[in-house]
Amino acid sequence: MFPRYVAFGALYALAGVALGAFGAHGLEAHVEPDRLEIFETGVRYQMYHAIGLILLAFAASKLGDRRPLRLAGRLMQAGIWIFSGSLYVLVLSGVTWLGAITPIGGVCFIAAWGIAAWSAWRARGEG
């Protein structure tokens, strides 16, 4: 198991709850509804991938070769920072060009889940 990934996942989830509360209670009166929806998308994907990190940590104890899972975890973290982070900054600052880098974070998420699936598929014959 990767204890750090459990810790990182829990910290990203903690931050996601705090950011979600901030969005619901602190931003509601200050940003347009469409921008609030963008912020909520960032929070939602951060929470999905916080839980994903925790799942990767537990999967590592069952799937043998953990190097690919380590890479998947790093990609999930990069995705949180790039995807969710760019959406947060976009909403809070109004700098719209940040929307152009958001898909890079999405690609990180897709790659992370693909690597996790590949690792599980490859290990299916071992367990």
Side-chain angles (χ1 to χ4, degrees):
M1 187 172 80
F2 300 148
R4 280 191 192 146
Y5 283 5
V6 174
F8 282 135
L11 289 171
Y12 288 129
L14 179 151
V17 171
L19 286 164
F22 171 69
H25 303 293
L27 285 181
E28 193 171 43
H30 301 286
V31 300
E32 298 296 319
D34 61 324
R35 285 180 54 202
L36 188 58
E37 190 175 318
I38 291 168
F39 193 87
E40 290 171 353
T41 298
V43 171
R44 186 171 51 253
Y45 276 78
Q46 179 172 332
M47 289 300 292
Y48 293 156
H49 292 89
I51 295 166
L53 276 172
I54 295 167
L55 291 173
L56 283 177
F58 288 103
S61 66
K62 301 287 184 195
L63 296 181
D65 184 6
R66 300 183 324 191
R67 286 179 308 222
L69 295 176
R70 186 172 287 119
L71 175 58
R74 289 178 180 154
L75 285 166
M76 281 190 187
Q77 290 186 73
I80 289 170
W81 284 97
I82 298 168
F83 184 91
S84 296
S86 67
L87 294 180
Y88 300 147
V89 174
L90 182 150
V91 169
L92 295 172
S93 71
V95 178
T96 56
W97 66 264
L98 285 167
I101 67 166
T102 304
I104 296 168
V107 170
C108 290
F109 289 150
I110 292 166
W113 288 111
I115 291 167
W118 175 76
S119 293
W121 186 262
R122 209 174 55 146
R124 75 186 179 350
E126 298 172 12

Is there a path from [X] to [Y] through hydrophobic residues (I, L, V, M, F, W, Y) whose side chains come within less than 4.5 Å of each other?
X   : Y    : value
I80 : L14  : no
F22 : V89  : yes
L90 : I101 : yes
L55 : L71  : no

Nearest heavy atoms of [X] and [Y], plus distance in Å:
X    : Y    : value
W97  : V95  : NE1-CG1, 2.7 Å
A112 : M76  : CB-CG, 3.5 Å
L75  : A111 : CD1-CB, 3.8 Å
Q46  : S84  : N-OG, 3.5 Å

May I ask you to test the [X]-[Y] pair for a side-chain heavy-atom distance under 4.5 Å?
X   : Y    : value
L87 : V91  : no
P68 : R122 : yes
I82 : T102 : no

Which residue pairs satisfy the side chain to side chain donor-acceptor pair (under 3.5 Å) criterion with at least one member in residues 22-35, sequence neighbours excluded? none

Go through L27 and L92 one step at a time and tell me if the side-chain contact (heavy atoms from CB on, under 4.5 Å) criterion holds. CA-CA 9 Å; L27 285 181; L92 295 172; 3.6 Å; yes

Mark yes or no for whether T41, through its side chain, and E37, through its backbone, hold a donor-acceptor pair below 3.5 Å. yes

Under a 3.5 Å distance rule, please check whether Y5 uses its side chain to pair with a backbone N or O of R70 as donor and acceptor. yes

Quick check for you: to the nearest 0.5 Å, what is the distance between [X] atom [atom1] and [Y] atom [atom2]?
X    : Y    : atom1 : atom2 : result
Q77  : C108 : CD    : SG    : 11.0 Å
R74  : L56  : CZ    : CG    : 12.5 Å
S86  : L98  : OG    : CG    : 6.5 Å
I115 : R67  : CD1   : CZ    : 13.0 Å
K62  : L69  : NZ    : CG    : 13.5 Å
E40  : L19  : CD    : CG    : 12.0 Å

Please list, chain by chain and in numerical order, all residues satisfying ring-ring contact (aromatic ring centres under 6.0 Å, His included) with F83, sequence neighbours excluded. Y45, F109

Does Y88 have any ring-ring contact (aromatic ring centres under 6.0 Å, His included) partners at least two apart in sequence or in another chain, and if so, which? F39

With distance as the sole criterion, is a donor-acceptor pair present between the side chains of Y12 and W81 under 3.5 Å? yes

Is it the case that more than 12 heavy atoms not belonging to R44 sit under 6.0 Å from its CZ atom? yes

